[in-house]
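One structure below.
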Amino acid sequence: TPGYSQKFGEAADQVTVSAGGGTVALLSKTGGIDLGAASRIAIGGMTGKAGTLKLIAAQGTVALDGTIDATAPDAGASFTLDNGLGSFDFASFAASSSSAFTGDVAIRTGAGDLILNAGQSLKLASLRLTADGGAASINGTIDTSGINGGDIALYARDGVILGQTAVVDTHANGYADTDTRQASAGDITVGVSGSGTISVANGARIDMGARRLNDRLVSHQQIDPRTQNRITAYTYIEADKGGALVLRAPVISQPAGDTVNISFAGAVTGARSVTVEGYRSYDLASIAANNAFTGVTVVNNVVTLDVGAT
């Protein structure tokens, strides 16, 4: 699924327009996906931007042993993996494929940990990691910075750990001085379930700031409708915005007061807001079976809530 690139205009003032390649999506509703060693998927090309690869097996496993061509000159590929019952070697992915997959990356696993080792670095448009059967451990660098920063979400059942060498960077460099758009850094969300812990070690760095911190006036030429003379007008642009940091963990009830399992000793730079969000989860099947409650029914694992029930 190759990309596209074409130059327009005269040689002295050319504009290059490029488009991404297509999407290769493999979906298994009840089983797995097996890409054997002899298989080859091409979403890159010699021109334009790379495409997108989606491997979805929410009720099975994904075996990714084949060759994936995801390189392109203008931008790297995006990748979505849902390995519902299996694991994924995220460290090996970062070591072997980080230069090819630089778009939006979303990985969910049902078993094992998702690990980025110290010294490893990923430069992406955005990242979403979900370890439903283990922990997410970040000791390297995740960088989604740019004119606007990309979002990063880290979720895990058994805990999200940012080690002392971890760097998570969603900062915004901003648009050119003559551009009237306001830039924003990416948001970062970290969430755990059950007895999982959010742990951010001393030395870990989270940069979600904006590099342009001042408001500005951008000048442009226009015709005065009253005099028909050319005049200089100005547009007021607010300072660029930092990202929002959200730490989400289950509420732990205790006599001295409820709390959440979060240990945070790292450094946060430039965030426009930091939110600690405690939540409670409920077993709807148990509620439906309890005569003390009405309005909740479960049939074939489908829950129906009757908000009008009393």
Side-chain angles (χ1 to χ4, degrees), residues 1-9 14-110 114 116 120-132 142-155 170 181 184 186-187:
T1 58
Y4 169 85
S5 179
Q6 181 64 48
K7 293 182 179 179
F8 296 91
Q14 284 188 338
V15 175
T16 301
V17 176
S18 62
T23 297
V24 175
L26 303 179
L27 169 65
S28 176
K29 290 185 177 181
T30 59
I33 298 172
D34 186 359
L35 297 177
S39 64
R40 181 177 183 272
I41 297 176
I43 52 174
M46 301 300 294
T47 60
K49 304 174 183 178
T52 299
L53 175 61
K54 296 183 178 182
L55 304 175
I56 311 296
Q59 303 299 322
T61 60
V62 177
L64 190 55
D65 298 320
T67 300
I68 300 174
D69 178 4
T71 58
D74 292 345
S78 295
F79 180 51
T80 297
L81 171 70
D82 189 346
N83 196 359
L85 301 180
S87 60
F88 183 72
D89 191 342
F90 188 61
S92 292
F93 171 82
S96 63
S97 304
S98 60
S99 61
F101 289 99
T102 58
D104 300 310
V105 173
I107 296 172
R108 172 185 172 266
T109 57
L114 293 171
L116 185 68
Q120 293 187 307
S121 180
L122 290 171
K123 176 63 177 174
L124 306 166
S126 68
L127 177 66
R128 183 183 182 92
L129 295 181
T130 306
D132 281 341
I142 302 173
D143 182 358
T144 61
S145 65
I147 294 176
N148 291 285
D151 294 341
I152 295 175
L154 305 172
Y155 299 102
T170 67
R181 288 173 290 181
S184 298
D187 296 335

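It should be emphasised that the depicted structure is a prediction, and the values quoted were computed from it without experimental measurement.
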Just verifying a value: how many Å separate Asp104 CG and Asp151 CG, rounded to the nearest 0.5 Å? 9.5 Å
Pairwise distance CG(Leu124) to CZ(Phe101) - rounded to 0.5 angstrom: 11.0 Å
Measuring from atom CG of Leu55 to atom CD1 of Ile33, what distance do you get when rounded to the nearest 0.5 angstrom? 5.5 Å
Please name the pair of heavy atoms, one in Asp69 and one in Arg40, separated by the smallest distance, quoted to 0.1 Å. OD2-NH2, 3.3 Å
Just how far is it from atom CD1 of Ile56 to atom CG of Leu81, taken to the nearest 0.5 Å? 7.0 Å
Of all heavy-atom pairs between Thr109 and Phe88, which one has the smallest distance, and what is that distance? CG2-CB, 3.6 Å
For Ala50 against Ala70, the heavy-atom pair lying closest together: CB-O, 3.4 Å
For Gly86, does its backbone N or O pair with a side-chain atom of Thr61 as donor and acceptor, under 3.5 Å? no
Just one of Lys54, Arg108, Lys29 clears the salt bridge (charged side-chain N to carboxylate O under 4.0 Å, His left out) bar with Asp82, so which one? Arg108
Okay, side chain of Asp65, backbone of Gly36: is any donor-acceptor separation there less than 3.5 Å? no
Under the salt bridge (Lys or Arg N to Asp or Glu O under 4.0 Å) rule, collect the residues that match up with Arg181, sequence neighbours excluded. Asp179
Heavy-atom nearest pair, Gly31 first then Ala57, reads O-CB, 3.7 Å
Atom pair CG (Leu64) and OG (Ser97), whose distance is rounded to the nearest 0.5 Å: 8.0 Å
Can you see which heavy atom on Ala63 is nearest to which on Asp34, and at what distance? CB-OD1, 3.6 Å
Could you state the interatomic distance from CG (Leu53) to CD1 (Ile43), rounded to the nearest 0.5 Å? 5.0 Å
Heavy-atom pair of closest approach, residues Ser99 and Thr102: O-CG2, 3.7 Å
Give a yes-or-no answer on whether the side chains of Ser145 and Asp143 include a donor-acceptor pair shorter than 3.5 Å. yes
